[in-house]
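Since the model is a prediction, treat every value here as computed from it, not as a measurement.
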Amino acid sequence: MVAVRNEETLIRMFQALSDPYRLGMVSRLARGPASVKELAATNGVAMPSAVKHLKVLEDAGLVKSHKAGRVRTFQARPQALRTIDSWLAEHKRMLNKAFDRLEQLMAEEPEKG
């Protein structure tokens, strides 16, 4: 059941990152925390749109927020990006193994012509 949960988490993360505004917000947050107002201005979106995008990112586990007074500040969650990185590394290993096997088979095949 753990694999299904991880798959669902990855799907939510990739869906959240598939939007250029949300991807831009995560890129900005990789440099440090920012308020909703800063993120809206940086990405050229209205505050209500920024809030909706940030909710998607937070629901996907890519960012977290805290509120101090009237200001909500967001920051990236590096462990979420490590989840994606681990998934990519595993798939890269599998592809490399397949290409290594293909290279081996091609080396064993006598050349024709």
Side-chain angles (χ1 to χ4, degrees):
M1 206 55 139
V2 173
V4 171
R5 184 173 180 273
N6 284 342
E7 185 174 293
E8 290 170 359
T9 299
L10 283 166
I11 289 168
R12 276 197 318 275
M13 288 178 177
F14 284 127
Q15 285 175 337
L17 292 171
S18 69
D19 182 89
Y21 292 113
R22 292 191 292 262
L23 185 60
M25 289 176 173
V26 171
S27 294
R28 166 55 190 87
L29 291 171
R31 296 191 308 268
S35 68
V36 176
K37 185 176 180 178
E38 291 171 312
L39 291 165
T42 301
N43 289 283
V45 296
M47 289 282 286
S49 293
V51 169
K52 287 179 183 178
H53 285 299
L54 288 162
K55 171 105 173 82
V56 171
L57 291 170
E58 197 165 24
D59 289 347
L62 292 162
V63 302
K64 61 183 176 180
S65 70
H66 68 278
K67 191 171 183 178
R70 296 180 66 194
V71 178
R72 181 166 294 278
T73 302
F74 284 82
Q75 63 185 62
R77 294 186 65 240
Q79 62 271 33
L81 297 177
R82 284 193 283 276
T83 299
I84 293 171
D85 190 47
S86 295
W87 183 85
L88 290 171
E90 177 60 29
H91 283 75
K92 184 177 178 181
R93 275 193 295 279
M94 289 187 304
L95 283 172
N96 284 338
K97 191 184 286 188
F99 282 124
D100 289 346
R101 179 68 181 135
L102 178 61
E103 182 179 35
Q104 180 184 9
L105 289 171
M106 290 176 69
E108 293 171 1
E109 184 71 25
E111 285 191 36
K112 297 178 182 172

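- One distance of note links OG of S35 with CZ of R70; it measures 13.0 Å at 0.5 Å rounding.
- Looking at every heavy atom in both residues, T73 comes nearest to P33 through CG2-CB, 3.8 Å.
- Applying the ring pair (Phe, Tyr, Trp, His ring centres under 6.0 Å) definition to pairs two or more places apart or across chains, those involving residues 17-75 are Y21-H53.
- Across every non-hydrogen atom of A16 and R22, the tightest pair is O-NE, 2.8 Å.
- Closest of all the heavy-atom pairs between S65 and E58 is OG-OE2, 2.9 Å.
- Using a distance-only test at 3.5 Å, with no hydrogens or angles considered, no donor-acceptor pair links the side chain of R77 to the main chain of K64.
- Between G61 and A80, the shortest heavy-atom distance links the atoms O-CB, 3.2 Å.
- Evaluation of the salt bridge (charged side-chain N to carboxylate O under 4.0 Å, His left out) rule for R93 yields E90 as partners, not counting sequence neighbours.
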| request: Kindly indicate, with the supporting measurements, whether the criterion side-chain contact (heavy atoms from CB on, under 4.5 Å) is fulfilled by L29 and L39. | output: CA-CA 8 Å; L29 291 171; L39 291 165; 4.0 Å; yes

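- With sequence neighbours excluded, the residues that form a salt bridge (charged side-chain N to carboxylate O under 4.0 Å, His left out) with D59 are K55.
- L17 is connected to L88 through a chain of hydrophobic side-chain contacts under 4.5 Å among Ile, Leu, Val, Met, Phe, Trp and Tyr, so both are in one cluster.
- V56 and M25 sit in two unconnected hydrophobic clusters of ILVMFWY residues. Membership requires side-chain heavy atoms under 4.5 Å apart, directly or through other members.
- Within the 4.5 Å cutoff, side-chain heavy atoms of I84 are placed close to those of L62.
- Between I11 and Q15, some side-chain heavy-atom pair lies under the 4.5 Å cut-off.
- Residues V36 and V71 are not in side-chain contact: their nearest non-hydrogen atoms beyond the backbone lie 4.5 Å or more apart.
- Nearest heavy atoms, A50 versus V45: CB-CG2, 3.8 Å.
- Closest of all the heavy-atom pairs between M13 and A60 is CG-O, 3.6 Å.
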